[in-house]
**Q** 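The following block contains the structure, expressed as structure tokens.
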Amino acid sequence: MQLPAAPDLTDLAHTHAGPMHWLATATATAAVVALAGLLQPGPAGTTAATAAAAPRPAAAPEAAGVAYPLECGGGSHTVAKRVSGDLDGDGNPETVAVVHCEAGSGTPPSGVYVLTRGKGAEAPARVVATLVAPDRHRSVTELAVRDGAVLATLLGYSSLDVPRCCPDEKEQVSWRWKGGAFVRAGQDEARGA
């Protein structure tokens with residue numbers, strides 16, 4: 001028995017893929033991938049209702065309009081720098097503000113303050129700790145919050161003989177929330193309000 005000759009596949013119409021064939025295939029594949037992405041389930045145990053009910057962290061407290069423990073002799077104060085981050089591990093950010101009295105010339109000493117928001121979304125910000133008091137006669141050139149710690153560069157003067165234009169001391173300092181207070185690296189306590 002002799003088998004019939006196999007048909008020549010190069011002559012079949014569906015074996016010749018042209019540009020329109022590839023464009024249609026790519027479009028169909030993209031549509032399937034997009035649809036699959038939209039239909040993905042959420043994380044285990046999460047529904048739209050529980051995701052909507054999950055509490056969102058409060059916004060960081062604003063530094064403007066806060067009553068700072070700063071004596072400006074009847075003048076006003078300036079918030080020179082501010083950074084935010086979760087310093088006490090409660091999931092809500094605090095704000096660290098560098099504030100000094102406005103001065104016509106020179107570099108007035110700075111205070112470094114930690115602000116938090118009271119209970120409730122509309123509660124005003126308030127000072128909860130003073131990291132650097134203005135009576136220490138320091139200026140702050142750098143300020144950051146990293147991994148729950150406040151980092152700062154302080155400039156100061158070694159004696160009253162040093163001209164106030166030219167600080168001759170520079171310190172890299174950090175504070176971390178520990179045992180209910182901000183503790184400066186290498187020191188036992190920080191001033192709390």
Side-chain angles (χ1 to χ4, degrees), residues 53-160 162-193:
R56 299 179 80 190
E62 286 295 324
V66 173
Y68 293 98
L70 186 66
E71 294 297 323
C72 293
S76 58
H77 64 270
T78 298
V79 176
K81 299 178 186 314
R82 69 183 186 316
V83 295
S84 298
D86 185 5
L87 302 176
D88 59 4
D90 69 352
N92 292 308
E94 287 76 32
T95 296
V96 181
V98 175
V99 184
H100 61 78
C101 294
E102 288 186 7
S105 63
T107 306
S110 298
V112 180
Y113 306 100
V114 177
L115 310 174
T116 192
R117 190 173 301 287
K119 301 290 184 205
E122 299 300 317
R126 60 189 172 87
V127 175
V128 292
T130 300
L131 303 180
V132 177
D135 63 4
R136 292 214 38 235
H137 301 285
R138 298 289 185 248
S139 297
V140 180
T141 60
E142 296 176 32
L143 182 68
V145 171
R146 283 192 206 104
D147 300 323
V150 178
L151 309 168
T153 301
L154 307 178
L155 301 180
Y157 307 94
S158 60
S159 74
L160 293 175
V162 177
R164 298 294 107 173
C165 68
C166 311
D168 63 342
E169 293 182 333
K170 182 177 181 178
E171 292 180 89
Q172 302 289 331
V173 295
S174 67
W175 296 267
R176 189 171 292 280
W177 183 254
K178 190 177 195 181
F182 285 96
V183 177
R184 185 172 161 172
Q187 293 188 353
D188 293 333
E189 63 182 289
R191 292 159 48 154

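Only a predicted model underlies this, so the values are computations on that prediction, with no experimental measurement involved. Atoms considered below: every heavy atom in the structure, side chains included; atoms not considered: hydrogens, waters and symmetry mates.
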**Q** Nearest 0.5 Å please: distance from the CG atom of Leu155 over to the NZ atom of Lys170.
**A**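 Here the rounded value is 7.0 Å.
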**Q** List in chain and number order the residues that pass side chain to side chain donor-acceptor pair (under 3.5 Å) with Ser158, two or more places apart in sequence or in another chain; answer none if no residue qualifies.
**A** Asp168
**Q** Which distance, rounded to the nearest 0.5 Å, do you find between the CG of Leu87 and the CG of Asp147?
**A**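 Going from CG on Leu87 over to CG on Asp147, the span is 11.5 Å.
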**Q** Pair Ser84, Val145 - check side chain to side chain contact (heavy atoms under 4.5 Å, CB included), show working.
**A** CA-CA 7 Å; Ser84 298; Val145 171; over 6 Å; no
**Q** To the nearest 0.5 Å, what is the distance between CZ on Arg126 and CG on Leu115?
**A**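 These two atoms lie 10.0 Å from each other.
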**Q** Which word best sums up how the rings of Tyr68 and Tyr113 line up, parallel for under 30°, tilted for 30 to 60°, or perpendicular for over 60°?
**A**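 The rings of Tyr68 and Tyr113 sit tilted, inter-plane angle from 30° to 60°.
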**Q** What I want to check is whether the side chains of Ser139 and Ser110 have a donor and an acceptor closer together than 3.5 Å.
**A**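 Checked: Ser139/Ser110 side chains show no N/O donor-acceptor pair below 3.5 Å.
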**Q** Report yes or no: does Thr95 contribute a side-chain atom to a donor-acceptor pair with the main-chain N or O of Pro61 at less than 3.5 Å?
**A** yes
**Q** Are the side chains of Glu142 and Leu151 in contact, using a 4.5 Å heavy-atom criterion?
**A**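 The answer is no; the side chains never approach within 4.5 Å.
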**Q** Can you tell me if Glu169 has over 12 outside heavy atoms packed within less than 6.0 Å of its CD?
**A** yes
**Q** Working to the nearest 0.5 Å, report the span between CG of Leu154 and CZ of Arg136.
**A** 6.5 Å
**Q** Go through the steps to decide whether Asp86 and Asp88 satisfy the test side chain to side chain contact (heavy atoms under 4.5 Å, CB included), and finish with yes or no.
**A** CA-CA 6 Å; Asp86 185 5; Asp88 59 4; 3.1 Å; yes
